[in-house]
Asks: 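What follows is a structure written as structure tokens; I'll ask about it next.
Note that ligands are numbered from 1 as they come in the structure, with each ligand's atoms numbered from 1 the same way.
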Amino acid sequence: MSESLSLFVTRVHRARFSKTGALNDDIIAAALSFADDDEAGQRWSDENSYPGYTSYGSFTDLPVRAPCFTALKKLLDAEAVKFAKVAHFDLNGGKLKLDNLWINILDPGGFHSGHIHPHSVISGTYYAQVPDGAAALKFEDPRLPMMMAAPTRDSDAPEEMRSFIYLAPEPGMMLMWESWLRHEVVRNEADEPRISVSFNYRWD
Ligand SMILES: [Fe+2]
């Protein structure tokens, strides 16, 4: 008898929240309003070549700036607890706490090249506005730098065996992963901006 074992599994946690129409409308309105008024954020986005607007470099207190972000934090906190269980984190009596929450308005043609989120445990994104053709999120196998002379995978390999995975966002969907997992926002091919809210959790 022989068998193959799945070891060192990488979890990506996906939630599709129901009845998020009003929440998404509020997030979109708040995001567009901040994008108009937040001069520090506009400057940060320009200086860092962000294709659109992000509040990453300006606001650190989004959950108290508008009720929609307070509501979103509540949804995310519950998912972070679930993810910690799924990932079998031993938090040693501590908790995962939302460290930062920021708006992304990704213009048509915009993308965000491969990156990780340092100084965090869990990271992720909630999607509020996803026009047709909007950018997917691409994850890559964290073992790639070790695969020196290894063959590539079959083009029809099952999802868990692939080196690159593209997950298409939908309005009301959240994706959450361990912060060391390298990911990339591929080019937004839609005619409209894609509006999302990203986050980091730390271990306290
Ligand atoms: Fe990211």
Asks: Strictly under 6.0 Å, is that where the ring centroids of H183 and H117 end up?
Replies: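 Close enough - the centres of the two rings lie under 6.0 Å apart.
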Asks: Treating Q129 as the side-chain partner and N24 as the backbone partner, does any N or O pair qualify as donor plus acceptor under 3.5 Å?
Replies: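 Not a single qualifying donor-acceptor pair exists.
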Asks: Can you tell me which residue pairs pass the salt bridge (Lys or Arg N to Asp or Glu O under 4.0 Å) test with a partner in residues 142-163, sequence neighbours excluded?
Replies: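 The answer is D141-R143.
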Asks: Check whether the side chains of E184 and H115 place a donor and an acceptor atom closer than 3.5 Å, and report yes or no.
Replies: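 No, no side-chain donor-acceptor pair sits under 3.5 Å.
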Asks: Report yes if the distance between the aromatic ring centroids of F59 and W102 is under 6.0 Å, otherwise no.
Replies: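 Here the rings of W102 and F59 have centres that are no less than 6.0 Å from each other.
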Asks: Restricting to under 2.8 Å, identify the protein N, O or S atoms around the Fe ion (ligand 1) as residue plus atom.
Replies: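 Checking every protein N, O and S atom gives H115 NE2, H117 NE2, H183 NE2.
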Asks: Using modelled atom types and a 3.5 Å cut-off, is there a donor and acceptor pairing between side-chain atoms of S45 and backbone atoms of G41?
Replies: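 Flag set: sc S45 to bb G41 pair under 3.5 Å.
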